[in-house]
Structures are given as C-alpha cells and as structure tokens.
Amino acid sequence: MSKPSLARGTRDFGPDQMVKRTFIFDTIRRTFQRYGFQPLETPAIENLSVLMGKYGDEGDQLLFKILNSGNYNEKLTGQDWQLDPKQLTTKISEKGLRYDLTVPFARYVVMNRGTLTMPFKRYQLQPVWRADRPQKGRYREFYQCDADVVGTDSLLCEAEIVMMLHTILHELGITDFTIKINNRKILTGIAEAIGAAGQEGPLCVAVDKLDKIGKDKVLAELHERGFSEENTFSLEPMFDLASEAAPFAQLREWLAGSETALKGIDELEQVWRMVEGFGLQNARTQLDVTLARGLSYYTGAIFEVKVNNVQIGSISGGGRYDNLTGTFGVPGLSGVGISLGVDRIYDVMEELDLFPKDQTITTRVMLTNFDAQAANYGLGVLYRLRQAGLNAEMYPDSVKLKKQLDYADRKQIPFVILIGSEEMASGRLTLKNMRTGEQQTGTLEELTAIIQA
RNA sequence: GAGAUUGUAGCUCAGUUGGUUAGAGCGCCAGAUUGUGGUUCUGGAGGUCGCGGGUUCGAGACCCGUCUUUCUCCCCA
C-alpha cells in the first residue's frame with residue numbers, strides 16, 4: 001500500500017475552488033449564449049489521425065497518447081522495437097486525448113456539415129490535455145472555453161469576439177487587461193516589405209519576444225536566423241509603432257508595397273469601426289504587429305488577451321482560420337474563434353482577489369437531530385423548507401448538539417432549526433441565527449420567512 | 001525535450017559538523033458542558049522523514065537513481 005498521489009500537472013478542486021470555478025464558467029457560458037452561440041461537447045478521446053499534424057511537430061509531441069487496448073504488442077515484430085519512439089508510437093497507439101477544442105470542432109463540422117445551420121456558431125467548455133512540463137499558469141489538464149463561428153468571412157464575427165471578451169472580463173471583475181489584435185496578412189506583408197517574403201515564421205518567433213528581451217536581442221536573433229542587415233534595417237518602422245493603440249496610417253505608409261498587408265490593415269480597421277459602432281466605451285484593444293501565435297493555421301485576425309500587472313501568460317487567444325476543415329477534406333470553410341483559459345483566469349482572479357465573497361455558503365438552514373422521534377418529525381419540515389426554495393439539510397446522526405452545531409458552524413450555515421420534545425409539543429420551532437447567536441421560536445411559516453429574508 | 005529547484009504530522013515549518021526515543025504552531029479527536037457552535041482550559045491520537053538503492057558502527061541530513069513541486073528556455077490557455 002502506497003500513499004495515493006495525483007498525476008503530474010493535474011489537480012483536485014475542492015468545494016471552495018469549485019464555487020469559484022463555477023462562477024467563471026457561468027459567466028462565460030452566459031455571455032456566449034447571449035451572442036447566439038450554441039453548446040457542443042466532443043469526446044475527450046479522439047483518434048490520433050484527427051489530432052496528429054494539426055499543431056506542428058511540438059504539438060504532436062505534447063499529445064497524450066493512449067496505449068491500444070488488449071495485447072498492443074501482439075502484432076509487433078522484433079524490428080518494430082528498434083524503431084525510433086515516434087514511429088513505434090503509431091504502431092501501439094491510435095487514440096489520444098484532445099489537445100484543444102478547435103480541431104475536434106472542425107472534425108464535428110466536417111462530419112455534420114449536411115445538418116448544420118450555417119453560419120454555425122458553437123461554444124464548448126471542456127478540459128484539454130497537454131503533456132507539457134507544468135509551471136506557473138501551465139497545467140497538463142485544463143479547461144478551455146471556446147466560441148467559434150464557421151461558414152462566414154464576415155468581420156462582424158471578429159468584432160463580436162472583441163465585444164464578448166470585454167463583457168466576460170468586465171463581469172468577472174478583471175478591468176486592467178489588453179486585447180492584443182493583429183492580422184496574419186500584416187505579418188505576411190511585413191516579411192514581403194523587408195525583402196524576406198515567406199519568412200514570417202522565423203520573423204515572428206523572434207519579433208514576438210520584443211517586450212521580453214528588447215530590440216537589440218531581437219535583431220541579434222534575426223541575424224542568427226539568417227536575416228540580412230538590409231532586412232532588419234527595413235524593419236525599423238515597426239519598432240516605432242507601439243505608441244498608438246491603432247496606428248493604421250503609419251502601417252499603410254510603411255507597407256504600401258504589399259497588397260496582402262493593405263488587405264489585412266483594412267480588415268482590422270473595419271473591426272475597429274464595428275467595435276466603435278457597438279458603442280463600447282473604454283475599449284481595451286491594441287493593435288500589436290508583433291503578435292504572432294499559432295501560425296500553423298491562422299490566416300486573418302489574431303487575438304490574445306493579457307491581464308496587466310499579473311505575471312502569467314495570456315488568458316485567452318484566438319483568430320481566424322480560412323481552411324481548418326480543409327485537412328478533413330472540406331476546403332473553403334472559414335472560421336474564427338476565441339478560447340479562454342479558465343485555469344489561468346482563476347489564478348489571475350485569485351491573485352487580484354476578485355472573487356465575490358460569501359459564495360461558499362451552500363446550505364441555508366440545517367435541522368438538528370436530537371433523537372429518532374425528533375428526526376422523523378423534522379423530515380416534514382425539511383421537505384417544506386426545500387419546497388420553499390431553501391437549501392436545507394438535516395444532521396444525519398443523533399449525536400450531541402455541540403457536534404451538530406459545530407458542523408453547521410464550519411459549513412458556514414447561517415441558520416439552524418432545533419427540534420426537540422418542547423418544539424414537537426408546541427409546534428413552535430426554535431430558530432438559531434448562527435452569526436449573531438440569537439434564538440427565537442415560531443411556526444415553520446414564520447421561520448421560513450425569516451430565513452428567506 | 002534542456003537546465004535549475006523542492007519534498008519532514010492533515011497544514012505551515014524547525015531539526016546544528018552525520019549521533020540515543022524526529023519537534024513546534026495551527027488543525028483534528030475526547031472531556032470540562034446528557035438541549036447550544038465560534039472563546040477558554042485539560043488530555044489524546046497522528047510520521048515507512050516522497051520512493052528505491054548506496055556510503056557509514058550509525059543517515060531526516062552525505063552519494064546515485066526515480067517520482068513530485070516551483071522556475072527559466074521552448075511553446076502555449
């Protein structure tokens with residue numbers, strides 16, 4: 001017998017934590033629904049053929065793979081055991097745990113495209129798993145809350161994502177945040193403009209670190225990655241863009257030579273206009289041309305949400321992908337979506353002390369249990385309390401009152417109804433206010449009214 | 001995947017250059033109080049020192065491996 005333990009990077013959530021997590025889930029779900037999104041759930045387990053190759057080489061490595069059931073080694077030859085682990089994996093595992101919610105969504109859309117009302121708007125609140133090395137704000141099992149629209153190119157979707165993020169964060173009490181927005185087409189245009197067309201991948205990896213390591217080190221890294229002095233010299237205008245929230249004019253001037261970039265700039269400006277059209281006050285949006293994110297499938301807008309002055313990664317990310325369903329044989333379906341990380345939001349709110357107080361009280365009133373006869377009398381009372389809409393429970397054992405009150409105290413139950421021989425004889429029950437310690441007697445109706453107040 | 005770091009009671013932590021029976025606070029249980037919680041007092045239970053090996057007369061402490069925690073890189077929610 002060994003002591004039980006949790007698998008690395010996983011956590012239990014006790015009642016106190018669940019109350020807080022539920023608050024986050026409810027807020028997000030409510031907002032998604034308000035914008036017309038419909039719920040979807042997909043299995044935790046997907047075929048590896050669905051998951052592999054969608055997240056890049058690193059992603060494939062971070063996938064949790066499930067060993068085939070039964071005698072998984074039955075069909076292996078001696079030679080197979082000499083294969084490198086990657087190839088061996090394909091022979092002994094054909095299922096894995098989902099890595100995000102976007103790819104399973106794309107699979108679902110492809111499999112059900114005949115029956116879906118297009119454009120299809122779905123939200124999905126489920127855990128995902130990554131075989132990452134855990135650290136602050138990074139877990140191996142965590143919840144994502146996704147909202148995606150598939151089947152339309154309309155930039156209204158992008159604007160609504162901006163609106164939803166504002167609403168959700170506002171309702172959670174997170175006020176000091178920044179929604180960074182970029183467009184993949186601008187990144188492509190920058191690569192063209194500096195004479196390194198098609199090199200936006202390595203360009204972004206380096207430029208993405210700007211606020212972390214500074215301009216000089218970014219330039220050094222670019223040179224290391226094969227960019228010439230000429231390339232990086234043309235990049236100079238980019239470092240001057242950070243001052244404004246939406247420097248469209250400067251961008252147009254700099255990238256005038258790239259049609260792709262101009263299209264991206266147009267798209268973003270339209271999104272900005274629409275957000276203004278919604279009448280949103282104090283928008284926390286910022287155009288950030290250094291924002292890159294998962295380049296593997298984003299083609300248009302790119303989003304990322306950072307909470308300011310909190311040392312944690314982004315709490316949300318998303319973007320537009322023109323051809324995600326293409327890998328499942330259905331090209332031409334454009335989608336755009338956002339994903340919120342509940343676990344990081346939780347950490348942020350805990351650090352900033354933003355959770356509403358008094359959310360831990362789950363039971364409103366407890367009935368004591370003096371003896372079998374009193375408990376039996378209490379059953380009817382208990383039923384009526386619950387019918388009155390009150391969270392009520394009876395202490396299950398006839399033990400000394402001290403113990404029962406101690407239980408109520410520790411569960412922070414605000415009211416206790418005592419029922420003993422006196423109460424049964426008179427029909428007037430004793431109500432104890434656990435906060436003040438005061439007691440009074442009254443009929444069940446009278447007491448119920450007090451408890452409900 | 002690379003580098004660093006952590007692990008002693010339910011929790012937070014002491015534990016000297018390696019030396020007898022590993023401690024404290026809080027919490028928990030019981031009683032003081034057989035119909036009254038939070039305060040107080042008295043008593044009590046609870047540890048294979050993460051796990052496995054090694055060095056030593058002797059290891060919680062030293063060495064190796066492993067798991068785990070936290071952090072950096074990479075990447076990400």
Side-chain angles (χ1 to χ4, degrees), chain A residues 1-11 14 24 28 55-63 85-86 98-102 125-146 165 204-206 208-209 212-213 217 221 291-296 303-307 311-319 337-348 366 368-371 374 395 398-424 429-439 441:
Chain A
M1 273 262 281
S2 57
K3 288 182 185 173
S5 62
L6 286 169
R8 182 178 209 184
T10 65
R11 294 134 325 136
I24 299 174
I28 293 173
Y55 311 105
D57 285 345
E58 297 216 20
D60 284 355
Q61 211 164 3
L62 294 179
L63 280 170
K86 227 180 203 171
R98 84 166 90 76
Y99 178 92
D100 71 0
L101 301 179
T102 308
L125 280 46
Q126 288 192 276
V128 303
W129 294 267
R130 296 182 188 177
D132 219 344
R133 204 170 272 212
Q135 50 183 279
K136 183 175 184 182
R138 176 173 302 190
Y139 309 98
R140 293 185 130 184
E141 176 182 63
F142 60 98
Y143 270 79
Q144 289 194 329
C145 302
D146 279 33
L165 288 170
C204 290
V205 171
D208 197 37
K209 299 176 189 167
K212 221 176 197 176
I213 62 177
K217 287 190 175 176
E221 183 165 337
L291 178 63
R293 299 189 51 77
L295 280 169
S296 44
F303 304 101
E304 186 167 293
V305 180
K306 276 284 296 174
V307 177
Q311 205 58 42
I312 200 163
S314 60
I315 58 168
S316 177
I338 192 73
S339 177
L340 290 125
V342 171
D343 304 80
R344 282 189 181 173
I345 291 173
Y346 182 99
D347 290 345
V348 164
M366 186 192 84
T368 59
N369 185 332
F370 273 99
D371 51 36
Y395 196 86
S398 300
V399 294
K400 47 185 357 180
L401 200 54
K402 173 183 168 63
K403 190 160 184 160
Q404 301 188 32
L405 287 172
D406 191 50
Y407 171 86
D409 186 41
R410 291 170 57 169
K411 265 186 93 166
Q412 298 185 57
I413 298 171
F415 293 101
V416 171
I417 290 179
L418 295 94
I419 301 174
S421 50
E422 293 167 28
E423 286 80 3
M424 284 189 283
L429 309 179
T430 301
L431 177 70
K432 184 181 178 74
N433 181 321
M434 291 296 282
R435 194 174 55 77
T436 63
E438 287 166 10
Q439 292 188 190
T441 61

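We name chains A, B, ... by the order of the sequence lines, and we start the count at 1 in each one.
A:Tyr407 and A:Lys411 are linked by a side-chain donor-acceptor pair at a separation below 3.5 angstrom, with hydrogens and angles left out of the test. No donor-acceptor contact under 3.5 angstrom links the side chains of A:Thr10 and A:Glu141, judged on distance only. Under 3.5 Å, the side chains of A:Asp371 and A:Ser398 contain no donor-acceptor pair of N or O atoms.
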| task | Starting from the C-alpha separation in whole Å, work towards a yes-or-no answer on side-chain hydrogen bond (donor to acceptor under 3.5 Å, both in side chains) for A:Asp100 and A:Tyr55. | result | CA-CA 10 Å; A:Asp100 71 0; A:Tyr55 311 105; 2.7 Å; yes
**Request:** Go through the steps for A:Ser339 and A:Leu101 under the test side chain to side chain contact (heavy atoms under 4.5 Å, CB included), then give the verdict.
**Result:** CA-CA 8 Å; A:Ser339 177; A:Leu101 301 179; 5.9 Å; no
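Counting only Watson-Crick and G-U wobble pairs whose two key distances fall under 3.5 Å, RNA chain B forms stems of three or more stacked pairs at B:1-4 with B:70-73, B:10-13 with B:23-26, B:28-32 with B:40-44, B:50-54 with B:62-66.
Distance check on atom P: B:C41 versus B:G27 gives 11 Å, rounded to whole Å. Comparing the same atom, P, in B:G10 and in B:U48 gives a spacing of 8 Å after rounding to whole Å. Across B:G47 and B:U21, the matching C1' atoms stand 13 Å from one another, rounded to whole Å. Taking atom P on both B:U72 and B:G53, the two are 36 Å apart, rounded to the nearest angstrom. Comparing B:U16 with B:U42, their P atoms are spaced 31 Å from each other, to the whole Å. Using atom P as the reference point in both B:A4 and B:G58, the two lie 32 Å apart (nearest Å). Using atom P as the reference point in both B:C13 and B:U70, the two lie 14 Å apart (nearest Å). Distance check on atom C1': B:C49 versus B:G60 gives 5 Å, rounded to whole Å.
Along RNA chain B, the nucleotide nearest A:Ser5 and the nucleotide nearest A:Ser316 are compared for position; the residue whose nucleotide lies closer to the 5' end is A:Ser5.
Across every non-hydrogen atom of A:Lys432 and A:Gly437, the tightest pair is NZ-O, 3.6 Å. When all heavy atoms of A:Cys145 and A:Leu125 are compared, the pair lying nearest together is SG-CG, 3.7 Å. A:Glu423 approaches A:Leu418 most closely through the heavy-atom pair CG-O, 3.4 Å. Taking each heavy atom of A:Arg130 and A:Tyr99 in turn, the nearest pair found is NE-O, 3.0 Å.
In this structure, the CG atom of A:Asp132 is 10 Å from the C1' atom of B:G1, given to the nearest Å. In this structure, the NZ atom of A:Lys306 is 12 Å from the C1' atom of B:A77, given to the nearest Å.
No side-chain heavy atom of A:Ile417 sits less than 4.5 Å from a side-chain heavy atom of A:Thr368.
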Counting primed atoms, P, OP1 and OP2 as sugar-phosphate and everything else as base, the B/S/- map of nucleotides 33-39 of chain B against protein heavy atoms under 4.0 Å is --BBBB-
Set out, line by line, the N/O atom pairs under 3.5 Å between protein and nucleotides 68-73 of chain B.
unit_1	atom_1	unit_2	atom_2	d
B:U69	OP1	A:Gly9	N	3.3
B:U69	OP2	A:Arg8	NE	3.3
B:C71	OP2	A:Lys136	N	2.2
B:U72	OP2	A:Gln135	OE1	3.0

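Taking a cutoff of 4.0 Å between a charged side-chain nitrogen and a carboxylate oxygen, A:Arg11 and A:Asp343 qualify as a salt bridge.
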